[in-house]
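For reference, positions follow the sequence shown, starting with 1.
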Amino acid sequence: MKSDGDAADAVIVGGGFSGTMAAAQLARRGLSSVLIDGSGRAGKGVAYSTREAVHLLNVPAVKMSAWPDALDDFANRVGDPGVFAERRFFGAYLTGILEEAQATGLVVARGESAVGVERDGEAYRVNLADGTVALGRALVLANGNQPPDPLRFAESVPDNLFINNPWTDAARAAVTRVAAVGGDVLIIGTGLTMVDAVLSLAAAGHGGRIVALSRRGQIPRGHAPYEPADVGLCDVPCGLMAQWRWLRRRATEVGYRAAVDALRPHSQALWQRLGEVEQRRFLRHARPWWDVHRHRIAPQVSVQLKQMIAVGQLEIVAGRVRKMRGERGALVVEIGRRGGPCSPAPLPQRREVLKFTLGLNCTGPLGAMGRTRDAVLRQLLDEGAIGTDHLGIGLSTDDEARAGERIWALGPLTKGRYWEIIAVPDIRGQAADVAASIAKELGR
Ligand SMILES: Cc1cc2nc3c(=O)[nH]c(=O)nc-3n(C[C@H](O)[C@H](O)[C@H](O)COP(=O)(O)OP(=O)(O)OC[C@H]3O[C@@H](n4cnc5c(N)ncnc54)[C@H](O)[C@@H]3O)c2cc1C
């Protein structure tokens, strides 16, 4: 196997926002890195590699700086702090940051998948799919959200009728195809991934009906102006139920947007204060409600969805899929409806059999890190060099995001510890902290 020569200070696996900013932050400190991304999306990642103008950021430009010490950096480039910019503009901004880091000579980007990793004395040898090796004294895991498991009820359905991973070229091609041939589309999941899929279908000129289904039928709310109503951490009671009641009361007083956003500076502390039992309870019961109020969408996107619902082009269904099969080129699905999105309690399910041209799994990323199929994560987990967190949703890390001996993890991989660590405003600070931690540990 061919070696890449001397070890860099760090090898970073994953070139999305997390990995790119880790490389840029290391370079600022004079530390070298090899940034590995096998998807052709280095400097963009999953979220910002979209080429579609309809895919907008879900927060205004003023909150999207990549640098924690220059908070208006992105807003200045866009020219309007309040705009919900196209995500591809943010991708171009991030690519510019990567190019600047590469220009220092301290960052080398490798467009290959990492397929294995070994300890080599003081260094990590990361094996790449083309047979070469990247050597680093530290290993940074920035692999991002893991692709979803196949849905059990869709296992026997042909790939051309049901797409399991909506972030692939196959998914994009399927959207274009269904827009051209017509027919109805079923989307499983009603969160942000569903929103993207609906926007893509509409932009491609799809004229058929879209049915989006999830257990509760809740969809992300839209942003709108509000009067901030800040609170201190000590104003928020302890315990999930007490917090939930407090939040509901506060929402009636100041509006849910102000109430939810006031928790933003404290969300990591509140998460850690809950403890494991209540964190699990949150994930089971409160998360769907929290997600749709906390992770809101651009106002114009919200308006578009409402219009599509009003004219019957988009139907949001609370219910579940009971059976699914392919039959003579169609996707035949038996669903059980729960009675409607506003139904306070589950009603007896009404069964219905519907036919679609295409189905898309938009239920979100893999929820169980122990089932990851990523070669590097799998190997490190199997060897015990890293472990899953207490909830099994990410990797176990210490308070400097160390996941193992000279191994750091970043971004969504660390959500068990921090919960709110999936968006740019959180990850940018973490990338700076990880670079500082690596520099300290390497004595640089
Ligand atoms: C559709 C979408 C829209 C979003 N919109 C916003 C927004 O508006 N504002 C906001 O703040 N946040 C937003 N987010 C959240 C957030 O910005 C992202 O989740 C964040 O960018 C995570 O970046 P990441 O680098 O950790 O992961 P990813 O973007 O998933 O990048 C990981 C990269 O690592 C590569 N990789 C993984 N394993 C390997 C391997 N073994 N070898 C080589 N390469 C590997 C993957 O191919 C991928 O390119 C959005 C997220 C999504 C999915």
>> Per the side chain to side chain donor-acceptor pair (under 3.5 Å) rule, what does the pair list look like for residues 39-62, sequence neighbours excluded?
In response: Asp37-Ser39, Ser39-Arg41, Lys44-Thr95, Thr50-His55, Glu52-Ser200, His55-Ser200

> After noting the C-alpha distance and the side-chain angles of Met324 and Phe162, does the key distance pass the side chain to side chain contact (heavy atoms under 4.5 Å, CB included) rule?
Replying inline: CA-CA 10 Å; Met324 182 182 276; Phe162 192 81; 3.7 Å; yes

> With a cut-off of 6.0 Å (strictly less than), are more than 12 heavy atoms of other residues, nucleotides or ligands near CD of Glu227?
Replying inline: no

> Taking the side chain from Thr372 and the backbone from Met369, do they hold a donor-acceptor pair closer than 3.5 Å?
Replying inline: no

> Can you tell me if CZ on Arg322 sees more than 12 non-hydrogen neighbours from other groups inside 6.0 Å?
Replying inline: yes

> Are any of the side-chain heavy atoms of Asp426 and Gln268 separated by less than 4.5 Å?
Replying inline: yes

>> Using every non-hydrogen atom in the two residues, find where Leu442 and Asp9 come nearest and quote the distance to one decimal.
In response: CD1-O, 3.6 Å

> Is Asp389 close to Leu395 at the side-chain level, that is, under 4.5 Å between some pair of heavy atoms?
Replying inline: no

>> Is there a side-chain contact between Val11 and Ser33 in this structure, where contact means two heavy atoms from C-beta onward sitting under 4.5 Å apart?
In response: no

> Arg296 and Gly222: which non-hydrogen atoms are nearest, and at how many Å?
Replying inline: CD-O, 3.7 Å

> Do Leu139 and Val13 touch side chain to side chain, with heavy atoms closer than 4.5 Å?
Replying inline: yes

> Which pair of non-hydrogen atoms, one from Ala142 and one from Ile12, has the smallest distance, and what is that distance?
Replying inline: CB-CG2, 4.3 Å

> Between Ile297 and Arg221, is any pair of side-chain heavy atoms under 4.5 Å apart?
Replying inline: no

> Within a radius of less than 6.0 Å around CZ of Arg320, do more than 12 heavy atoms belonging to other residues, nucleotides or ligands occur?
Replying inline: no

>> So that I know where these two stand, are Trp271 and Phe282 an aromatic pair - ring centroids less than 6.0 Å apart?
In response: yes

> Do Arg257 and Asp261 sit within salt-bridge range, that is, some charged N less than 4.0 Å from a carboxylate O?
Replying inline: no

> So, Asp382 and Arg378, do they make that salt bridge, N to O below 4.0 Å?
Replying inline: yes

> So with a 6.0 Å cut-off around CD of Glu315, is the heavy-atom count from everything else above 12?
Replying inline: yes

>> I want to check something: taking the side chain as every heavy atom from C-beta on, are Trp408 and Thr397 in contact at a cut-off of under 4.5 Å?
In response: no

> Is any NZ, NE, NH1 or NH2 atom of the basic residue among Lys415 and Glu420 found under 4.0 Å from an Asp or Glu carboxylate oxygen of the other?
Replying inline: no

> Are side-chain heavy atoms of Val198 and Val195 found at a separation under 4.5 Å?
Replying inline: no

> Aromatic rings Phe74 and Phe90: how do their planes relate, parallel, tilted or perpendicular, breaks at 30° and 60°?
Replying inline: perpendicular

> So, does Gln430 use its side chain to make a donor-acceptor pair with the main chain of Gly411 at under 3.5 Å?
Replying inline: yes

> Taking the inter-plane angle between the rings of Phe84 and His223 on a 0 to 90° scale, is it parallel (under 30°), tilted (30 to 60°) or perpendicular (over 60°)?
Replying inline: tilted

> Are any of the side-chain heavy atoms of Gln146 and Arg371 separated by less than 4.5 Å?
Replying inline: no

>> Under a 3.5 Å distance rule, please check whether Arg110 uses its side chain to pair with a backbone N or O of Ala134 as donor and acceptor.
In response: no

Anything under 3.5 Å between a donor and an acceptor, one on a side chain of residues 22-29, the other on a protein residue two or more places apart or in another chain? List them.
residue: Arg28; atom: NH1; partner: Asp69; partner atom: OD2; Å: 3.2

>> Under the criterion side chain to side chain contact (heavy atoms under 4.5 Å, CB included), I'd like the reasoning laid out for Val62 against Asp72: C-alpha separation, chi angles, the key distance, then a yes or no.
In response: CA-CA 6 Å; Val62 69; Asp72 45 10; 5.7 Å; no

